[in-house]
Number of protein chains: 2
Amino acid sequence: MTDTRWLDETEMAAWRAFLATSHLLERRIEEQLKASAGLTHPQYEILVRLSAQPGHRMRMTELARGVVASKSALTYQITQLEKAGLVERTTCPSDDRGVLAVLTGAGMRCLEQVAPGHVEVVRAYLIDRLTRDELEVMTTAMRRTEQALRG
Amino acid sequence: MTDTRWLDETEMAAWRAFLATSHLLERRIEEQLKASAGLTHPQYEILVRLSAQPGHRMRMTELARGVVASKSALTYQITQLEKAGLVERTTCPSDDRGVLAVLTGAGMRCLEQVAPGHVEVVRAYLIDRLTRDELEVMTTAMRRTEQALRG
DNA sequence: CTTTGGTCGTTCAGATTTGAACCATCACTG
DNA sequence: CAGTGATGGTTCAAATCTGAACGACCAAAG
């Protein structure tokens, strides 16, 4: 057991700020989505991902990876969205085990209605607070860490 | 209703990477803490905050603000930590409504034992992946957004 | 001293998440 | 074709979080 490399002042400040910001932002987003459409953030992300796919459909596992949710959490949320009529389940033609989540017309309309307000929050509290340089630094840095965290 | 200012490519990339990274990192941290000491991340954060205070004690509301948790979530977690013997509740001498959460000796020892492994994860997946410049940019940027999100 | 409005922390019901267990199916091997 | 190990998605119980409602207390004003 080697000695611990503790975080120095700059590192600690970065980590604390990152942590606080991500939690606070999550709260704001959740609040805004709930108020404007009764959606949770995970649900919103699911709709976004589906809408970006050809055929507006995606395999459950792939979708779970995309939105960073556990398989059971996704099962639950898809069931909720299905009850709300925003998503449907289809059996996958190429793999009988598989399930495709498909965005419905109502789901697409819901998304189009909610997205502007959501983007506004993301802008107001994060994107518009950063300079272009900061934005680019953050993108490359976050992509690197995301890469490290996957796999 | 003015036209929506959608996120351009750079902005979207920044936001997606930030979101994915924060969720993935949260998962890793949770996993590591659970395995090494049966703690959740919120619980760990509570111990850290308390340990940094004179007298190892803090008011519930202030603590909730610090770790970015709702009042009821904090009540729940402090109860859990109390059952585990890591924290105690004391009535606040200056305000009979108030409750002070106090870190116990066992709590402090637990923290000292768990912290190295936790820091290692934060380093391995975030801090050590960033250059010094990136770190500093992120700190100022995140602090600015944190500021905006509080209040 | 009482009233008033606000803060403090808890409680409660309901919603969501987690992780393990499970069954069905796949892909490959012999 | 049977056997094997891995994968896909669901289910379940337990843990946790949310938001509203609540009772207790504070602080300032009358």
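We name chains A, B, ... by the order of the sequence lines, and we start the count at 1 in each one. No hydrogens, no waters, no symmetry mates; every other heavy atom, side chains included, goes into these values. From a predicted model like this one, the values you see are computed outputs, not experimental measurements.
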Can you confirm whether the side chains of [X] and [Y] place a donor and an acceptor under 3.5 Å from each other?
X: Thr21(B); Y: Arg143(A); answer: no
X: Arg16(A); Y: Thr139(B); answer: no
X: His41(B); Y: Glu26(B); answer: yes

Aromatic ring pairing His118(B)/Trp15(A), orientation class (parallel under 30°, perpendicular over 60°, tilted between):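 Geometry flag for Trp15(A) against His118(B): tilted rings.
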No-H, no-angle donor-acceptor pair, Thr61(A) side chain to dG8(D) base, under 3.5 Å: no
hbond_proxy Ser72(B) side chain to dG19(D) base (donor-acceptor, 3.5 Å cutoff):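 Yes, the side chain and the base share a sub-3.5 Å donor-acceptor pair.
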Minimum-distance nucleotide (side-chain atoms of [X] versus [options]):
X: Asp96(A); options: dT25(C), dT16(D), dT18(D); value: dT25(C)
X: Ser70(A); options: dT10(C), dT18(C), dG9(D); value: dT18(C)
X: Arg97(A); options: dT11(C), dG8(D), dT11(D); value: dG8(D)

How close or far is atom [atom2] of [N] from atom [atom1] of [X], stated in whole angstroms?
X: Asp95(A); N: dC28(C); atom1: CG; atom2: P; value: 13 Å
X: Arg89(A); N: dG8(D); atom1: CZ; atom2: P; value: 16 Å
X: Ile46(A); N: dG9(D); atom1: CD1; atom2: P; value: 13 Å
X: His23(A); N: dT18(D); atom1: NE2; atom2: C1'; value: 15 Å
X: Lys34(B); N: dA20(C); atom1: NZ; atom2: P; value: 11 Å
X: Leu39(B); N: dT16(D); atom1: CG; atom2: P; value: 11 Å
X: Gln43(A); N: dT17(C); atom1: CD; atom2: P; value: 8 Å
X: Tyr76(A); N: dT16(C); atom1: OH; atom2: C1'; value: 5 Å

Contact check, side chains of Leu74(A) and Ile46(A), non-hydrogen atoms, under 4.5 Å: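 Yes - at least one pair of side-chain heavy atoms lies under 4.5 Å apart.
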Residue whose nearest DNA chain D nucleotide is more 5′ - Thr79(A) or Glu31(A):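 Its nucleotide being nearer the 5' end, the pick is Thr79(A).
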Leu74(A) or Lys71(A), whichever maps to the more 5' nucleotide of DNA chain C: Leu74(A)
Does [X] put a side-chain nitrogen or oxygen below 4.0 Å from OP1 or OP2 of [N]?
X: Gln77(B); N: dC17(D); value: yes
X: Arg59(B); N: dT7(C); value: no
X: Gln80(A); N: dA15(C); value: no

Touch class at under 4.0 angstrom, heavy-atom based, for Glu30(A) against every strand present: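 The residue Glu30(A) makes no contact with any strand.
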